A.B. asks: 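Here you go, one structure.
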2 protein chains.
Amino acid sequence: MTSPIPKATVRRLPIYLRFLEECGPNTPTVGSEDIARATHGSAVQVRKDLSHVRCSGVRGVGYEVDELRQAIAKALGLGVTRRVALIGAGNLGTALAGYPGFPASGFRICSVYDKNPRRVGMVLNGMAVRHVSRLLQDAVGEPYEIGVIATPAAAAREVADLLVEARVGAILNFAGVTVQVPPEITVRNVDLATEFRILSYYLT
Amino acid sequence: MTSPIPKATVRRLPIYLRFLEECGPNTPTVGSEDIARATHGSAVQVRKDLSHVRCSGVRGVGYEVDELRQAIAKALGLGVTRRVALIGAGNLGTALAGYPGFPASGFRICSVYDKNPRRVGMVLNGMAVRHVSRLLQDAVGEPYEIGVIATPAAAAREVADLLVEARVGAILNFAGVTVQVPPEITVRNVDLATEFRILSYYLT
DNA sequence: TAGATTGTTAATCGATTAACAATC
DNA sequence: TAGATTGTTAATCGATTAACAATC
């Protein structure tokens, strides 16, 4: 790979990508100004960010939507199908299992696990919920690249250990507690209460 | 208020707070090193962040957990009860309505709205789901401080306009599309697909 | 006093913005 | 050529880190 894309840019590229995906076929081309307006950014920022993507702007004209979309997707490592294990079949897990954006981006939720026997066997988006004790053996044959924790906070650490043992490459943790994993595994913690609390400061 | 807290610090303070809340009564005091370890940060960073909070460290000892917890909560403007309107009673909305962390942080989901007549009348966490057409009149008497969008992407913009009209102070948007609102309203967009896509880059 | 740990100042690093050159 | 818009270099700004002073 070439030089790494700055973190701040990596956070914004998916937002640009989403905007590009919303552009209909009547919008063959967009300018940095258009992208900026739609994503609450500045046009210079957009151009600077896009300079890290093998991209395709035409001076005086703008960017060809479809080409730029592909270039960003490639830079983010999308376009490959990723095997995802979802742990937790409660309301949040159910929401995640049915989210149409995932298959569209190449994230394939292959299995859903839960600890509660009343949920095991339930069918979620075409998948039968399995008992979490099966995760490890399932992962042997076909490893999961991403593990998603959608359990109550109390179970999160145990599940994280299990995912580490199952050799996932990355963890997305919605449980609202920080989990500890070896440094080679990327973790993103998304916590609803944290988002509210950040908002609270700016409400003051 | 005193000088504003840097954005990067505001994002981290809730994470420290969560750690402090997890400390049992057997942990009366913590060091910056402890906080750093638990939150994947550095001790210097923690101390620098805490210097923006009217705080209470004792050299050679550390921070009194309970005192620090209160100081951070105060700095973030927590400790006041905030009226929240939740729009969207699907799986995600249901998960949000039942999330125990919200009342614990002073966020009171006062009403849940949905457009789908089949969901209107359903009881969620003790609240009857109302038709979204009632939102505006409800907000007249008792304004909502925060509006949470948990609808499908297609409905998000319409709902955002409604929330602006209802004069909310801030919007938390889980719909996965960027919404446009006047600059005086703070918006946080939390998008599940975006989180996956960021993760994807670091998996490469 | 010695050890531990906070708090602050200065240096570094990374990200954003401004200015402008390049070119369709 | 003139207008529009990208792409890049340099300047600014904000955030992180290093060094160390303060003090329990």
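In the text below, chain A, chain B and the rest are named by the order of the sequence lines, each starting its count at 1. Atoms considered below: every heavy atom in the structure, side chains included; atoms not considered: hydrogens, waters and symmetry mates. Note that the structure is predicted; figures quoted are calculated from it, not measured.
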A.B. asks: Taking atom CD of B:Glu158 as the centre, does the number of heavy atoms from other residues, nucleotides or ligands within less than 6.0 Å exceed 12?
C.D. replies: no
A.B. asks: Say you draw a straight line from OG of A:Ser200 to CG of B:Leu78; how long is it, rounded to the nearest 0.5 Å?
C.D. replies: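 Separation between the atoms: 4.0 Å.
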A.B. asks: Flag the pair A:Tyr16 / A:Phe19 as yes when their ring centroid distance falls below 6.0 Å, and as no otherwise.
C.D. replies: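 No, ring centres 6.0 Å or more apart.
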A.B. asks: Give the residues of residues 25-39 of chain A touching DNA chain D, defined as any heavy atom closer than 4.0 Å, sorted by residue number.
C.D. replies: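 A:Gly31, A:Ser32 - these, ordered by number, are the residues of the stretch whose heavy atoms sit under 4.0 Å from the strand.
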A.B. asks: Are B:Arg157 and A:Glu22 within salt-bridge range, i.e. N to O under 4.0 Å?
C.D. replies: yes
A.B. asks: What integer distance in Å separates A:Lys48:NZ from D:dA10:P?
C.D. replies: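 Distance, rounded to whole Å: 11 Å.
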A.B. asks: Evaluate the side-chain proximity of A:Ile146 to A:Val168: yes if any heavy-atom separation is below 4.5 Å, no if none is.
C.D. replies: no
A.B. asks: Within less than 4.0 Å of OP1 or OP2 of D:dA15, is there a side-chain N or O belonging to B:Gln45?
C.D. replies: no
A.B. asks: Using the test side chain to side chain donor-acceptor pair (under 3.5 Å), find all partners of A:Thr39 that sit at least two apart in sequence or belong to another chain.
C.D. replies: none
A.B. asks: Not counting sequence neighbours, which residues clear side chain to side chain donor-acceptor pair (under 3.5 Å) with B:Glu64? List them please.
C.D. replies: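 Once residues adjacent in sequence are excluded, B:Glu64 has no partner under the side chain to side chain donor-acceptor pair (under 3.5 Å) criterion.
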A.B. asks: Side chains of B:Arg47 and B:Ser32: any donor to acceptor distance under 3.5 Å?
C.D. replies: yes
A.B. asks: Nucleotide by nucleotide, 5' to 3', does protein get under 4.0 Å of the base (B), only the sugar-phosphate (S), or neither (-) in nucleotides 19-24 of chain C, counting heavy atoms?
C.D. replies: ---BBB
A.B. asks: For B:Asn173 and B:Asn189, which I'm curious about, is there any donor-acceptor pair between the side chains at under 3.5 Å?
C.D. replies: yes
A.B. asks: Starting from C1' on C:dG7, measure out to CG on B:Leu68 and report it in whole angstrom.
C.D. replies: 14 Å
A.B. asks: Got a second to check how far B:Leu13's CG is from B:Ile5's CD1, nearest 0.5 Å?
C.D. replies: 5.5 Å
A.B. asks: Can a salt bridge be assigned to the pair B:Glu21 and A:Arg197 using a cut-off of 4.0 Å between side-chain N and carboxylate O?
C.D. replies: yes
A.B. asks: I need the B:Leu162 CG to B:Leu135 CG distance, nearest 0.5 Å.
C.D. replies: 5.0 Å
A.B. asks: What is the distance, to the nearest angstrom, from the CG atom on B:Asp49 to the P atom on D:dT16?
C.D. replies: 7 Å
A.B. asks: Got a sec? Which of residues 5-14 of chain A come in under 4.0 Å of DNA chain D, heavy atoms?
C.D. replies: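 None - not one residue of the stretch has a heavy atom sitting under 4.0 Å from the strand.
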A.B. asks: Parallel, tilted or perpendicular, judged at 30° and 60°: which one describes the rings of B:Tyr113 and B:Tyr144?
C.D. replies: perpendicular
A.B. asks: Rounded to whole Å, how long is the line connecting atom NE2 of B:His52 with atom P of C:dT6?
C.D. replies: 16 Å
A.B. asks: Let me check I have this right: for DNA chain C, each base becomes ., (, ), [, ] or |, based on Watson-Crick or G-U pairs with both distances under 3.5 Å. What is the full string?
C.D. replies: ..||||||||||||||||||||||
